[in-house]
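Reminder, nothing fancy here: chain letters follow the sequence lines and each chain counts from 1. Quick caveat: nothing in here was measured; it's all calculated off a predicted structure.
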Amino acid sequence: MQEKINRWIWISLPILVIGLIILYWIEKNEVKEFTRNLFYMDTYIYVKIEAKDEKKATEALEQVEQIYDSYHKLADRYQAYDGIVNLYTIYHNTDPDATLTIDERLYDMIAYGKEWYEKSHGKLDISMGNIIDVWNHYRTMQTGIPSQEELMLHDTGSIQDIILLDHNQIQNNHVNIDLGAIAKGYATEMAGNYLESIGITSYLINAGGNVKVGKPSHKDTYSIGIEDPNSTVGDVFKIIYGKNISVVTSGGYERYYEYEGKKYHHIIDPDTNMPSSYMKSVTVITEDSRLGDVLSTVLFLLPIEEGKALVDTLPVEAIWYDNNDVIITSKGIANYEQK
Amino acid sequence: MTYQKITRLSMLLTLSLLLSILESMIPIFNGMIPGIKIGLANIILVMVLYLYGAKETFAIALLRVLLMGILRTGLFNIHFFFSLAGTICSVGIMTFAKKTKLSMIGVSILGSIFHSIGQIIIAIYLLHLPNLIYYLPWMILGSMITGAIIGYFAKTVLKQFKNTL
Amino acid sequence: MNKNDGIMIGVILILCLLSILIFAKWDKKGDKIAIVYYQDEVILTIDLAKNEKKDYQVMGKNGTVIIEVNQDKIRVKQENSPLHICSKQGYISKNTESIVCLPNQIVIQIQTKNAIDTVVH
């Protein structure tokens, strides 16, 4: 009898131990989701990553917040921060002839803006800070619209006055630089690239109109809904399925005000100094969130036919939601629809 | 084949049918836990396997499925294929297991387990329900218990059987 | 029973427990829908995310089958069959679970809704 019990113990013990080890191993290697909500650049930002190790995930989210924080500060033109040369410092620099050494990231963003001024034939104009401020003022007051004279008065400084020198130096001849169409896409792209660089390939970042995703761990693609511009409750009119892509929407339906029955939104056409009105929204699918951010603004300011011609020359896809609620898509959009 | 053998095999076949029918009539044996049946008729299969061999067991098993179909559940419907798949898997593994160092109870447990596996596989195929695989571990756990009981019965009865024969 | 039986039982036991634990993790989180089939045809789709308590009646082969939804769980409440296996099974709520009513040829499966990961606006 004693022998029998001993035998049972010797058989069952190792099996039990092995079982527990396997269980521990499974638990340890299980991919978990970690999320964080941030608020930078006037936008709620949602970050979700999938990782095995909680410590690593928390550190990664911390770093992502750091990235948004620094881009937020660099692109802030209303406030100065200690030890940072940002858009505010550049604009409020009293000596217009001085050259300033700026952070490489800010330099890159301004260079990108200048590059896209050329490529978009002036539709993307980062020198419009003052005009945007006029419109922001009227949008807050909601009591009228600025006259052409008032707008002309504030139309000071042009893109040519922003002079980038070597070694991250800028010579700004009192231009109020606005990176509203660039900074969010830049920060999002950098956050995504950072996550990939530390081996977190399954992630989803939603910075308002600016989404960037990696490759999900449990399925083939992430699904990204595009909000219906007519919906007040956030209905979706199309779902994009994809991995390692960025989806960026520009629309006039979120930040706007009404005056005398007409809607005035926040995306200003540099050619007219007025909000554009070619469509209700446009969505761009790219690999690069920076390009997505810039291009969605440019496409919003272009008639749809011209926009389509531009999209065909670039490795991107786009979806327009026109003023008659007709949805127009570029040629390759089928790659992002559910099979 | 001697007359004696034919008589005994027919008798065992009848017994297995009787046990199957008995089991389906007594609620305790049936549907206590969904998906798990005790399978009393398997006592006979285990006995035949140890008394005669694989060929005879297969014959009895297939005949039992066929006759149960004719008598109770109907031929070539889903129940028929469930029992056919279960029986073939069960007798197949028991024939193999008998050659190893397992005892009669071990062989019977394996038989029960593979009966479940066979049924689940055919159910997944016929019902197009791949999700049924999630129930397999539970069914195997149940089968281990029923298999052990069946094996114990078979062993006890076989001992008496051999003494009387 | 001998030593070999013990080893075999032990190994199978652990494999079973492991697969049960692993399968438990395969239950996808998110809103669920229950799909009711009669002979391979979808006859009813029930949203389990609405958190309601409601009975549904469908026709099975042996007559009416009453399906009860309670919060996010679903079960077969009443049906006509010799063994009542599927009404004895009770509630299911995970996408790894299903109810099969063989005599009535009714099958209930649970799926996770294909939810959108995020919305761009």
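Listed here is the closest heavy atom pair of C:Asn2 and B:Lys101: ND2-O, 3.1 Å. In this structure, B:Met144 and C:Leu13 approach most closely via the heavy-atom pair CE-CD1, 3.7 Å. Residues C:Thr96 and B:Tyr135 come closest through the heavy atom pair O-CE1, 4.3 Å. The two residues B:Leu141 and C:Cys16 have their closest heavy-atom pair at CD2-CB, 3.8 Å. Residue B:Leu127 comes nearest to C:Leu102 through the heavy atom pair CD2-CD2, 4.1 Å, listed as atom of the first residue, atom of the second, then distance.
A 4.5 Å side-chain heavy-atom check between C:Asn4 and B:Thr100 finds every atom pair outside the cut-off. Put simply, the side chain of C:Ser98 does not reach to within 4.5 Å of the side chain of B:Tyr134, judged on heavy atoms. Inter-residue side-chain proximity for C:Ile12 and B:Ile113 is flagged as met; some heavy-atom pair is nearer than 4.5 Å.
Remark: B:Leu129 CG to C:Ile108 CD1 distance equals 11.0 Å, nearest 0.5 Å. Rounded to the nearest 0.5 angstrom, C:Ile9 CD1 and B:Ile105 CD1 are separated by 8.5 Å.
Neither the backbone nor the side chain of C:Gln105 comes within contact range of chain B; no heavy atoms are under 4.5 Å apart. Interface remark: B:Tyr152 contributes no atoms to any contact with chain C (heavy atom separation under 4.5 Å). For chain C, the nearby part of B:Ile78 is the side chain; its heavy atoms alone come within less than 4.5 Å.
For C:Gln78, the CD atom sits in a loose shell: 12 or fewer heavy atoms of surrounding residues, nucleotides or ligands are nearer than 6.0 Å. Under a cut-off of 6.0 angstrom, the local environment of NZ in C:Lys73 is crowded, with over 12 non-hydrogen atoms contributed by other residues, nucleotides or ligands.
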